[in-house]
Structures are given as structure tokens and as C-alpha cells.
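A quick write-up on the structure given underneath.
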Number of protein chains: 2
Amino acid sequence: MFSKSCEYAIKVMAFIAFRQAKSKELIGLDPISEAIDSPKAFTAKILQQLTKAELLKSVRGRTGGFYLDQNREIVIADIVRAIDGSKILDGCLLGFGECQDENPCVLHHQIKKERSSLKNRLNSTDIYTIAKRVSRKKAYFKE
Amino acid sequence: MFSKSCEYAIKVMAFIAFRQAKSKELIGLDPISEAIDSPKAFTAKILQQLTKAELLKSVRGRTGGFYLDQNREIVIADIVRAIDGSKILDGCLLGFGECQDENPCVLHHQIKKERSSLKNRLNSTDIYTIAKRVSRKKAYFKE
DNA sequence: GGATTTAAGGATATTTATATCTTTTATATA
DNA sequence: TATATAAAAGATATAAATATCCTTAAATCC
């Protein structure tokens, strides 16, 4: 459903939120990719994308690393949109450019409700909530 | 969400169901790819996959073509499983091999209900129902 | 200022998905 | 039986996603 990049991105963001709840120190690439079990160089690229999309802040140089602007609420849908684009949430399942209630593809009406619930859920699930669940050992970043 | 192959496959199956409701004649590759607006050679490969998966029957040679065994109910989920595999419906969103209620990924519980509704819907939407909607001009194969 | 560390940026490699083309096999009909 | 037609099968081409590597820029510490 999501691209591999997007999977990593969600884990990255949730992990930084989790770590930041415990300590205000910046977090570097190494501990991040170790924690979420992702290839380091590739994860670096994803961190770059997230930073460009302003979902994440970064500081270069010694003692540098990544952190979240705590004032901003970030939901899973924000991350998905930044990495995979908005088509994955809003686009037609069968590839129509304009799949509306009039002129719909053969799945449009069948699956409308379910897609909308999914999208709403991703729009309402924020990374701090997830981070708390990890603290309580109710969810994990890797197997 | 679905691969391009799977998008075409869903349209192929729905179109054959639609055509077959009007006439019992076999349907060839050309009218199929024309009707669903898909690349011909690529569509041929997908027809092959669907035939191997026994979702579709084929006859070679002059007057050959494709048809559906009307006795069998086929749902969208069958097509998705045949083309994209079962991971897309049952696998972990974040790539865990075993993402269960215990040891869940950070999205597992958050999105469990919505994924399950989506899956149920795909499991209960059959291609003949879709074909009827097309007949009534309530859905289309191409834009 | 020089050495070290860390993210950013650019180039390249690998794999998978998408797509096309050619040859082979099966069937019908003249 | 020869010819035409249509799907199956195999080979190849192209594009996109995934992944790695190397160099550059920014910040800290000595």
C-alpha cells in the first residue's frame, strides 16, 4: 500500500517523537536507522525529504542531528503525503485522473466509504500518540 | 495502492463479465484492451496470469478468446490476490513479517478496523454486480 | 586554524514493475 | 492440407523504486 520509503518515514517520525519525549537531545542518523531497522544510506535520503517537507528539523555538524518542532501536530497522513504524494490517499484506485461521483471508475462507489474511513484515520492519528503507545510497549518499531 | 497490473486486471474481469452478460461470444484481447484503455501487449500478459490463476478461461486459435465460468462467483479480492498477492490485503503496512496483536507495528492497532473493512468490502464485491452497474451507466471502464 | 563529526547533495548501482516484440502452439475454416 | 487467427510463451526494452557511495557544506572542539 505505502512505498518502502513511506514505511521507513513513518517509523522515523514515530521514533523521533518517542525519543524526544524522553530526552531533548538531537538524534542522529545512526541511532535512527538502527532503531527502526532500515538501511542507513537510504534512510538518510528519507530524512532529507522529511526535512525539506518541513516535517522535521535538522542541524548539521558535530552535535547535529534531527528533531521535531513540538508545537506542530503531525499526523500519519502528513508523512504519507510528503513521501508518496497525495494520490495515494485521494487518487482513483483504478488510475482515473478525475474519478468523481459522476463518471466514476468501477470501484469508486463500491469502496468510497472504506477509503474515506482509512483516510480519516490517517488524518487523525498523530505521531505523539503513537510514541506514547511505544513507551507503554504496546507497539514496536521493529520485529 | 494496487499495482498497475492489478488495476488493469480488475477492469479486464469486470469488462468480460459485462460483455458476457450481453452475448455469450468469446472476447478477444483487442476489444478488451480497447475497452479498458490499456496497452495491448501488457494486457495480454495479465490475461495470461488471470487464466493461469483460473479466474478466467481461454480458447486458442480462430474464434478463440476469453470467457468466464459463470458458475463461479469472483470477487475483487480474488483478482487482487492473484495479481498482487495476499500481502497487499493481509500483510503489515510497515513491512513486518509477523505483525500480530502482540508485537504489532506502530500502525497495527491504529488502522486495524479500517483495513479490515476495506478487505471485507473487496471480499464481498463481485464482478457481476459491478458489470450490472456498468450496464446501468453508473460506472465506467475508462475516462 | 585544523581536525572531527554530522547532515546535504550528487552520482551511480541494483532491483522490480511496466511495457513491447517475436516466436510457438492450438483451433477453425477454406 | 494449407492458411488464417488468436492465445501462450519467451526474450528484450524502458522506467521507476530501492539502495549505496562519494563529495561537499556546516558546526563543534581542540
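Sequence lines set the chain letters: A, B, ... in the order given, protein chains first and strands last, and positions in each chain run from 1.
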> To the nearest Å, how far apart are A:L29 CG and C:dG9 C1'?
Replying inline: 15 Å

>> I'd like to know if B:K113 pairs up with A:E114 as an ion pair, taking the criterion as any Lys NZ or Arg NE/NH1/NH2 lying under 4.0 Å from an Asp or Glu carboxylate oxygen.
In response: no

> B:D37 has an atom CG; how far is it from atom P of C:dA19, in whole Å?
Replying inline: 11 Å

> Listed in order of residue number, which residues of residues 56-71 of chain B have a non-hydrogen atom at under 4.0 Å from DNA chain C?
Replying inline: B:R60, B:G61, B:R62, B:T63

> Can you list, by residue number, the residues of residues 45-53 of chain B that have a non-hydrogen atom closer than 4.0 angstrom to DNA chain D?
Replying inline: B:K45, B:Q48, B:T51, B:K52

> Do NZ/NE/NH1/NH2 and the carboxylate oxygens of A:K11 and A:D37 come within less than 4.0 Å?
Replying inline: no

> Is B:I111 reachable from B:F2 through a run of hydrophobic residues whose side-chain heavy atoms are each under 4.5 Å from the next?
Replying inline: yes

> Does a donor on one side chain sit under 3.5 Å from an acceptor on the other, for B:E102 and B:Q100?
Replying inline: no

> Does B:V12 belong to the same Ile/Leu/Val/Met/Phe/Trp/Tyr cluster as A:F96, with side-chain heavy atoms less than 4.5 Å apart forming each link?
Replying inline: no

>> Whole angstroms only, please: what is the CD1-P distance between B:I88 and C:dA17?
In response: 11 Å

> How many Å lie between CD1 on B:I36 and P on C:dA19, as a whole number?
Replying inline: 11 Å

> Does the side chain to side chain contact (heavy atoms under 4.5 Å, CB included) test come out yes or no for B:D84 and B:I79, once each step is laid out?
Replying inline: CA-CA 8 Å; B:D84 284 347; B:I79 304 168; over 6 Å; no

>> If you apply the rule ring pair (Phe, Tyr, Trp, His ring centres under 6.0 Å), what do you find for A:F18 with A:F141, and how did you get there?
In response: CA-CA 10 Å; A:F18 164 74; A:F141 295 117; 5.8 Å; yes

>> Check for me, please, whether A:L47 and A:V80 land in the same ILVMFWY cluster - side-chain distances under 4.5 Å, paths through other members count.
In response: yes

> For the hydrophobic clusters of this structure (ILVMFWY residues joined by side-chain heavy atoms under 4.5 Å, transitively), does one cluster hold both A:Y128 and A:I27?
Replying inline: yes

>> Which residue in the set A:I130, A:I36, A:L50 passes side-chain contact (heavy atoms from CB on, under 4.5 Å) when paired with A:M13?
In response: A:L50

> Can you give one letter per nucleotide of nucleotides 13-18 of chain D, 5' to 3': B if a protein heavy atom sits under 4.0 Å from the base, S if only from the sugar-phosphate, - if neither?
Replying inline: -----S

